[in-house]
Visitor: 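This is the structure I have questions about; it appears just below.
Since the structure is predicted, the reported quantities are computational estimates derived from the model, not experimental observations. In what follows, every chain begins at residue 1, and chains take the letters A, B, ... in the order their sequences are listed. Computation of the quantities below employed the complete heavy-atom set of this structure, encompassing side-chain atoms and omitting hydrogens, waters and symmetry-equivalent molecules.
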Protein chains: 2
Amino acid sequence: MEKSLSLTEENYIKAIFQIGTTPESNVSTNALADNLQTKPATVSDMIKKLSYKKLIFYKKYKGVTLSASGSKEALKIIRKHRLWEVFLVNHLYFKWDQVHEIAEQLEHIKSSELINRLDDFLGNPTIDPHGDPIPDANGQVQLGPSKLLSEMTSHENGIIVGVKNENPLLLQHLDKINIRLGLHIEVTEVNDFDQSMQVKLADLGTLFLSEKITSQILIAKNL
Amino acid sequence: MEKSLSLTEENYIKAIFQIGTTPESNVSTNALADNLQTKPATVSDMIKKLSYKKLIFYKKYKGVTLSASGSKEALKIIRKHRLWEVFLVNHLYFKWDQVHEIAEQLEHIKSSELINRLDDFLGNPTIDPHGDPIPDANGQVQLGPSKLLSEMTSHENGIIVGVKNENPLLLQHLDKINIRLGLHIEVTEVNDFDQSMQVKLADLGTLFLSEKITSQILIAKNL
DNA sequence: ATTAATTTTTAGATTAGTCTAAAAATTTAA
DNA sequence: TTAAATTTTTAGACTAATCTAAAAATTAAT
Ligand SMILES: [Mn+2]
Ligand SMILES: [Mn+2]
Ligand SMILES: [Mn+2]
Ligand SMILES: [Mn+2]
């Protein structure tokens, strides 16, 4: 019976998972320190511990990658985080910009019984309020392919399926200009100079968007 | 802006609240150590800290009592604990013997917005699944007066309104013999030798109950 | 009212997680 | 390819929460 991870250990595992683009990509000490708002020296210590526990692979100065058991843990935490976000938005009527911080706490509650019942209660959702996929009880995620709005060219169109990060200020701004998941969007013009765009939203008419925003919006890639 | 309590501090404050019968009663170091499954030496240290923070009154060797701010904190934690228990039973279909441990974790989630929305979502319940009153957002509790079944005499009757503790084995046993909150109960006989009782339950006929059980069941005191 | 038993506190260590400052390794640039 | 810049690790220290062992205070029992 291996002891369950501490809250801190869970946060490290999750950060490694989320920083690494591919499962094999090495995550640097500094990147982790940045993400976890701590100091590189602190990260170095924790890395040794996680490595000893075989949750990560680690070679000095070469960064870390998650082991199979590390990935499994990460997916469990992300599953909990996203299911709680769905609960907060769908049942407690929080806005999408208000839930991340609370979910950061709730994701550490230990009870697989609880999370599976919550999953059922919510109707086994496959995406969270920000369009991120929710891993199932076995850690499987099905993520429809998507691209950034900023990567699209004039006259391309598609459906908004997600936002790249959960910064409350970004989310509030998107609310303000009526951008939300599920909307059909068409690029009408791209300005070469600053990559700003003019787009047309279903029903809502025309909008100008800076690259700062278009680089955060995910569009479904229709296969 | 006073820093929020640590999980450990919260558990101490709650234990002091729950051990003390009246708000003024002094809670001993050993009683706390027992309740919190720790050692008296550890309690002595923590007591100093909580005293320094003015959450408790403390005189060496004389035990502790909660200050006004300490009581307020305790009631907030108890409110959270009991609201989460209602959620787990009413919406996730946990049994009443399965929720205490999970609520022990959930009670430490920090967000008054969350707990007030949860309260509304649940329909502002006044009691938890074990019959314990739920403090409102201002820390007010309204507890209908009750007495122990073991204190009743032959031919007395009343409504079961609570259980004194949340030991899963006790709760499971009560389930097994069909005793639950809201039932009308009448004492038909009390055996002087061991205080065991014969009782009649609405619809469910006659039952024999040992003092071990009757001393855990609360009956409404009809005024 | 002494003595004995119990309770509580202090003293000294330990572990997890954190920090700063300095040393070592790696990467980048001249 | 050597020097400079950057990244990472180590060394040493700190805080919160815990423990064991021993000392001090209180309470109970002769
Ligand atoms: Mn989130
Ligand atoms: Mn999310
Ligand atoms: Mn409980
Ligand atoms: Mn309860």
Visitor: Go through the structure and list residues passing side-chain contact (heavy atoms from CB on, under 4.5 Å) with Ala41(A), not counting sequence neighbours.
Guide: none
Visitor: Would you kindly give the NZ-to-P distance between Lys53(B) and dT15(D), to the nearest whole Å?
Guide: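 In whole Å, dT15(D) P and Lys53(B) NZ are 14 Å from each other.
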Visitor: Take atom CD of Glu9(B) and atom P of dT15(D), then tell me their distance rounded to the nearest Å.
Guide: 15 Å
Visitor: Could you work out which one of dT20(C), dT8(D), dT7(C) sits closest to the side chain of Asn30(B)?
Guide: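 Side chain of Asn30(B) sits closest to dT7(C).
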Visitor: Is there a side-chain contact between Thr29(A) and the phosphate of dT9(D), meaning an N or O under 4.0 Å from OP1 or OP2?
Guide: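 For dT9(D), OP1 or OP2 has a side-chain N or O of Thr29(A) closer than 4.0 Å.
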Visitor: Taking all non-hydrogen atoms of both residues into account, name the closest pair between Leu209(B) and Ile213(B) and its distance.
Guide: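 Residues Leu209(B) and Ile213(B), closest heavy atoms: CD2-CG2, 4.2 Å.
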Visitor: Kindly point out which of dC19(D), dT27(C), dC19(C) is positioned nearest to the side chain of Thr42(B)?
Guide: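 For Thr42(B), the side-chain atoms sit closest to dC19(D).
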Visitor: In a check of side-chain hydrogen bond (donor to acceptor under 3.5 Å, both in side chains) between Arg79(A) and each of Asp128(A), Asp119(A), Asp136(A), which one passes?
Guide: Asp119(A)
Visitor: What nucleotide, of dC19(D), dT26(C), dA25(D), holds the atom closest to the side chain of Tyr61(A)?
Guide: dT26(C)
Visitor: What is the distance, rounded to the nearest whole Å, between atom CD of Gln37(B) and atom P of dC19(D)?
Guide: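 Going from Gln37(B) (CD) to dC19(D) (P), I get 11 Å.
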Visitor: Taking the six-membered ring for Trp, are His100(B) and His81(B) closer than 6.0 Å centroid to centroid?
Guide: yes
Visitor: Rounded to the Å, how far apart are Leu32(A) CG and dT9(D) P?
Guide: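 The distance from CG of Leu32(A) to P of dT9(D) comes to 10 Å, rounded to the nearest Å.
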Visitor: Among dT8(C), dA21(D), dT9(D), which nucleotide has an atom closest to any side-chain atom of Lys60(A)?
Guide: dT9(D)
Visitor: Nearest whole Å is fine: how far is dT8(D) C1' from Lys48(A) NZ?
Guide: 10 Å
Visitor: Classify Thr8(A) by what it touches in the nucleic acid, base, sugar-phosphate, or nothing, heavy-atom distance under 4.0 Å.
Guide: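 Sugar-phosphate: the residue Thr8(A), judged by heavy atoms under 4.0 Å, touches backbone atoms but no base.
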Visitor: Among the nucleotides dT10(C), dT18(C), dT27(C), which one has an atom lying closest to any side-chain atom of Thr38(A)?
Guide: dT18(C)
Visitor: To the nearest Å, how far apart are Tyr58(B) OH and dT10(C) P?
Guide: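 The answer, rounded to whole Å, is 6 Å.
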Visitor: Think Arg117(A) forms a cation-pi with Phe94(B), using NZ or CZ under 6.0 Å from the six-ring centre and within 45 degrees of its axis?
Guide: yes
Visitor: Classify the nucleic acid contact of Lys59(B) as base, sugar-phosphate or nothing, counting any heavy atom under 4.0 Å across all strands shown.
Guide: nothing
Visitor: Taking only the side-chain heavy atoms of Lys62(B) (C-beta and beyond), determine which of dT26(D), dT8(C), dT27(C) contains the nearest atom.
Guide: dT26(D)
Visitor: Rounded to whole Å, how long is the line connecting atom CG of Asn26(B) with atom P of dT8(C)?
Guide: 11 Å
Visitor: Starting the side chain at C-beta, find the nucleotide from dT27(D), dC19(D), dT8(C) nearest to Ser28(B).
Guide: dT8(C)
Visitor: Taking atom P of dA16(C) as reference, at what distance in whole Å does atom NZ of Lys39(A) sit?
Guide: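 Those two atoms, NZ and P, are 22 Å apart.
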